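Written below as C-alpha cells is the structure these notes are about.
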2 protein chains.
Amino acid sequence: MPAYGRSAEGSGGVRMRDVAERAGVSRMTVSRALNEPDKVKPKLRRQVLEAVESLGYVHNHLARSLSSKRSNVIGLVLPSLENSIFALTVKGISDVLRPAGYQLMLTESADDPEDEERVISSFLAQRVGGLILHATTHSPTALRMLRASGTPVVENGDLPEEPVDMVVSYSNRGAAKAMTMHLARLGYRKIAFAGLARNPRANERQRGYLEALVELGHGDEPKRLIDVSRGFGGGAEAVAYIAANLPDTDALFCAGDVLAVGALFECKRRDWDVPGRLAIASFDDLDLMRHVIPAITSLRLERYEIGRRSAEMLLAQINNGDVPIRTIDLGYEIVQRASA
Amino acid sequence: MPAYGRSAEGSGGVRMRDVAERAGVSRMTVSRALNEPDKVKPKLRRQVLEAVESLGYVHNHLARSLSSKRSNVIGLVLPSLENSIFALTVKGISDVLRPAGYQLMLTESADDPEDEERVISSFLAQRVGGLILHATTHSPTALRMLRASGTPVVENGDLPEEPVDMVVSYSNRGAAKAMTMHLARLGYRKIAFAGLARNPRANERQRGYLEALVELGHGDEPKRLIDVSRGFGGGAEAVAYIAANLPDTDALFCAGDVLAVGALFECKRRDWDVPGRLAIASFDDLDLMRHVIPAITSLRLERYEIGRRSAEMLLAQINNGDVPIRTIDLGYEIVQRASA
DNA sequence: TTGTAAGCGTTATCAG
DNA sequence: CTGATAACGCTTACAA
C-alpha cells in the first residue's frame with residue numbers, strides 16, 4: 001500500500017458525464033457551462049446547472065488541472081501561525097484571490113530550510129498555480145526546484161538581493177535602522193537590541209540596528225546585543241540581562257512585538273519606569289501595542305497591502321505573463337507612542 | 001478563458017515516462033519505487049531514484065490522486081487566523097500528518113455559513129482525503145455536500161449534538177458553566193458575561209454561564225450579559241458598560257482571552273483594582289494570560305491534543321475505515337491566577 | 001453554439 | 001518482482 005491512504009471516491013461518484021446525460025447534452029457543454037458560462041446558451045446552461053444541483057455534482061479540480069495544466073490553487077508558506085501578524089497578510093491575499101476564483105493553500109514552515117524544501121516540494125507536486133513565500137532565504141535545492149518548475153513566485157519577508165522571482169515586502173534592515181535613528185533622535189544614547197538568534201529576518205533587523213549605531217558614531221562602543229528565546233519570556237530575559245550586565249542601557253529595541261510586551265511586563269515587575277528607566281520600542285505593530293500601558297512605540301508595516309499586492313502580482317503573472325515591475329517596496333512607518 | 005488562469009506546465013515538464021526511460025524500466029516500476037519502495041529491488045530502486053534526481057522530476061500528485069482515488073491532502077477550516085489559539089491545534093495536526101506523508105491545506109472561514117460552504121465545496125472539488133472543521137454549525141447545503149462526498153470529517157470547535165462524522169473537542173457550555181461555578185465558589189455574587197454575539201461558540205459559552213446562574217439560584221436576577229465587538233477594544237467596552245450600567249458587578253467572565261486582556265487594561269485606565277473592584281476570568285489560555293499583571297484566571301483547553309487526536313482519528317478512518325470511538329471529549333481545566 | 005476524439009500523467013489490474 | 005494495458009474525469013483542439 002502507498003504511504004498515503006484510502007480516501008473518498010470523489011463526491012458521491014457523480015461525474016461530469018452523469019450530469020451531461022441528465023441534462024441531455026455532451027460533456028463539453030457541461031464543462032463550458034461550469035467554466036465559461038457565457039459560451040453556452042442560457043437554456044442549456046440552465047439545464048446543466050439543474051442537473052448539477054439535482055445530482056449533487058462536485059467539479060473534480062484534480063482532473064481539471066491535470067487536463068488543463070492550470071490550477072486555481074495558490075500556495076502560501078508562512079514562517080509560523082503563532083504570530084498573528086500574518087493574519088492581515090493572509091486576508092489581503094484572500095481578498096484578491098477569492099473573487100478571482102482562486103483558492104489559498106496555507107502551510108507553515110519554521111525558518112528551517114529543510115522544512116521549507118519539503119513544503120515547497122509538496123506544493124509543486126500539487127502543481128499549484130503560484131507560490132507566495134514569506135521568507136527570502138532558501139536552500140539551493142529549493143531554489144532549483146522553484147526555478148525548474150516555472151511556477152510564479154512572490155517573496156514577502158524581506159527585500160532579498162537576489163529574488164527568486166517577484167517580491168512584495170519592506171526592508172527589515174532599513175526599518176530597524178530607521179527606528180534606531182529615531183530613538184537616538186529622541187535622546188536615547190545607550191540603545192540595546194534584543195532578538196531571536198535563529199531568525200533570518202531578525203538578523204537583518206540586527207544589521208540595521210548596528211548600521212545605525214555606526215552612523216551615529218557609537219560604532220566603537222561595546223555592543224548591546226541580546227539573544228533571547230521566543231515569546232513573552234524572551235522579553236523578560238532581555239530586561240533581566242540589561243539589569244545584570246548593561247545597567248546603563250536607556251532604551252531597548254525589540255525585534256518583535258511579543259518580545260517588547262514581555263519586556264514591558266518585566267519592567268513593571270521590577271518597578272522600572274517605562275520610558276523613564278528604560279524606553280522600549282518594537283518591530284511590527286500588533287494591535288496589542290497600542291493597548292498595553294504605556295503603549296509601545298513600534299514600526300508599522302503594510303501587512304495587508306503586502307498580501308493584496310502579492311496576490312495581484314501573482315495573478316497578473318499567471319494571466320498576462322507580463323509583470324514589468326517585479327519588486328515592490330512597501331516601506332514602513334514609525335508609530336510614536338508613550339514607551340519611548 | 002476559464003475563471004482561473006494559466007499556470008506552470010508542471011515542474012519542467014518531466015514526466016514519469018521520462019524517468020522510466022532514463023532508468024531503463026517501465027513506468028510502473030518508477031511508480032512503485034516512489035510509492036512502495038519495498039516492492040522494488042534495491043538495484044532498480046537506486047536507478048530510478050538517480051534518474052529522478054538527475055532529471056529533477058517532481059511527482060504529479062494531481063495525476064496520482066485522479067488515478068488512485070486517494071489523496072494525501074487533508075483540509076482544515078479554521079474560523080480565523082487572527083487568533084493564535086489555533087496555532088497549537090495546527091501543530092498537533094501537522095505532527096501527526098507529516099510523518100504519515102500527508103499534507104495539510106488550511107483555509108480560514110469566519111463563522112459565516114456561506115463562506116464555510118464555499119470553502120468546503122472547494123476542498124471537496126480538490127478531492128481532499130479528509131476534512132477537519134473547527135466549527136460545529138454548518139449550513140444544510142454544507143452538510144449535504146459533506147455527507148454525499150463520503151469524505152471523513154472531524155469537527156473540533158465544540159461537542160455538537162448531531163456530529164457530521166467524528167468529533168474531538170471539549171464542551172464550550174460545560175467549560176463556561178464550570179468557570180462560572182468556580183467564580184461563585186470564590187465568593188463572587190454579581191458575575192457578568194461578555195462575548196461576541198455572532199460567534200456560535202461564544203453563544204454556547206453564554207448558555208453555560210446562564211445555566212450556572214440558574215443552578216446557583218441567581219436565575220431570577222437581572223441579566224448581566226454584555227455583547228461586545230472583537231479585539232482588545234471589546235474588553236474595554238465591557239468594562240465601560242459595567243461602569244455605566246451594572247456598577248455593582250464584582251466579576252467579569254469574558255468569552256475570550258483577548259477580551260479579558262482588553263478588560264484588564266481598561267480597569268487599569270480607570271484605576272479599578274483587579275480583582276478588588278472587578279475580578280476577571282477568561283476562556284482559553286493564551287500565553288499572554290500568565291504574563292499580564294495581574295495574571296488572568298482562565299480555562300485551559302487541550303489545543304494541541306485536539307489537533308493531534310483529530311489527525312489520528314482521521315488517518316485511522318482513512319486507512320482502516322474502522323474507528324469505534326467517534327467522539328472524544330478532551331475536557332478543560334481551570335487555571336486559577338491572581339485576577340479572580 | 002455544440003459535439004467528437006484524443007490526450008493530461010498517473011496507478012489498478014492482471015499477466016508473466 | 002516487473003511490465004503491458006486500460007482506466008481516472010476532465011479539457012484541448014478541431015469539426016460540424
Side-chain angles (χ1 to χ4, degrees), chain A residues 1-21 23-48 52 55 57-72 124-127 149, chain B residues 1-21 23-48 52 55 57-72 124-127 149:
Chain A
M1 239 198 21
Y4 59 104
R6 222 201 48 197
S7 104
E9 280 74 52
S11 296
V14 182
R15 297 149 306 167
M16 201 177 256
R17 67 180 307 155
D18 303 318
V19 176
E21 276 177 25
V25 298
S26 73
R27 276 179 302 175
M28 270 319 296
T29 300
V30 177
S31 177
R32 291 195 184 100
L34 258 32
N35 295 317
E36 314 154 285
D38 299 341
K39 296 197 173 177
V40 175
K41 274 201 178 147
K43 190 190 165 193
L44 286 190
R45 189 167 59 212
R46 232 180 351 260
Q47 287 177 30
V48 169
V52 164
L55 293 174
Y57 170 71
V58 178
H59 200 157
N60 189 330
H61 282 26
L62 253 36
R64 167 163 88 170
S65 293
L66 178 61
S67 179
S68 66
K69 304 194 178 205
R70 297 149 195 270
S71 167
N72 67 143
L124 293 180
Q126 231 69 241
R127 297 301 190 268
S149 76
Chain B
M1 240 199 21
Y4 59 105
R6 223 202 49 199
S7 105
E9 279 74 54
S11 295
V14 181
R15 295 148 307 166
M16 201 176 256
R17 67 180 304 155
D18 303 318
V19 176
E21 276 177 24
V25 298
S26 73
R27 278 178 300 173
M28 271 319 296
T29 301
V30 177
S31 178
R32 292 192 183 103
L34 260 30
N35 294 317
E36 313 153 285
D38 299 340
K39 295 196 174 177
V40 176
K41 272 199 179 150
K43 191 190 164 193
L44 286 191
R45 189 166 58 213
R46 236 183 345 263
Q47 289 176 29
V48 169
V52 165
L55 293 174
Y57 168 72
V58 179
H59 201 157
N60 189 332
H61 282 27
L62 253 37
R64 166 163 86 170
S65 293
L66 178 60
S67 180
S68 67
K69 302 191 179 209
R70 297 147 195 272
S71 167
N72 68 143
L124 293 179
Q126 231 71 239
R127 297 301 191 268
S149 77

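Below, chain A is the first sequence line, B the second, and so on; all start at residue 1. If you're wondering where the values come from, they're calculated on a predicted model, not measured in any experiment.
- Atom CZ of B/R15 is separated from atom C1' of C/dT11 by 16 Å (rounded to the nearest Å).
- Residue-level contact check: B/D38 touches the backbone only, with heavy atoms under 4.0 Å from sugar-phosphate atoms and none from bases.
- One finds a side-chain N or O of B/S31 lying less than 4.0 angstrom from the OP1 or OP2 phosphate oxygen of C/dT11.
- Taking side-chain N and O atoms only, B/R32 has no distance below 4.0 Å to OP1 or OP2 of D/dG3.
- At whole-Å resolution of the value, NZ in B/K39 and P in D/dG3 are 15 Å apart.
- Separation of atoms CG (B/L34) and OG1 (B/T29) is listed at 11.5 Å; rounding is to 0.5 Å.
- Distances shorter than 4.0 Å separate none of the side-chain N or O atoms of A/S68 from OP1 or OP2 on D/dC10.
- Of the listed nucleotides (D/dC1, D/dT11, D/dG9), D/dG9 has the atom at the smallest distance from the side chain of A/L66.
- Note that CZ of A/R70 is 13.5 Å distant from NE2 of A/H61, once rounded to the nearest 0.5 Å.
- With C/dT2, C/dG9, D/dT2 as the candidates, the nucleotide lying closest to the side chain of B/V40 is D/dT2.
- Between the CE atom of B/M16 and the P atom of C/dC8 there is a distance of 15 Å, rounded to whole Å.
- Residue contacts shown for A/L62 are absent, as no nucleic acid heavy atom lies under 4.0 Å away.
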Report the C-alpha distance between B/N35 and B/H59 in whole Å, list the side-chain angles of each, state the deciding distance to 0.1 Å, and finish with yes or no for side-chain contact (heavy atoms from CB on, under 4.5 Å).
CA-CA 10 Å; B/N35 294 317; B/H59 201 157; 3.4 Å; yes

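- For the atom pair A/S71 OG and A/L66 CG, the distance stands at 11.5 Å (nearest 0.5 Å).
- Here D/dT11 is the nucleotide among C/dT2, D/dT11, C/dT13 with the atom lying nearest to any side-chain atom of A/M28.
- With DNA chain D read from its 5' end, the first of the two nearest nucleotides for A/R17 and B/K41 is the one closest to B/K41.
- The CG atom of B/N60 sits 12 Å away from the P atom of C/dC8 (whole-angstrom rounding).
- Note: NZ (A/K69) to C1' (D/dT11) measures 12 Å, nearest angstrom.
- Atoms CZ (B/R70) and C1' (D/dC8) sit 13 Å apart, rounded to a whole Å.
- If you take CZ on A/R15 and CZ on A/R17, they are separated by 5.5 Å, rounding to the nearest 0.5 Å.
- The NE2-C1' distance, from B/H59 to C/dT11, rounds to 9 Å in whole Å.
- Atoms CZ (A/R27) and P (C/dA6) sit 12 Å apart, rounded to a whole Å.
- Taking only distance into account, the side chain of B/S67 meets the base of C/dT10 through a donor-acceptor pair shorter than 3.5 Å.
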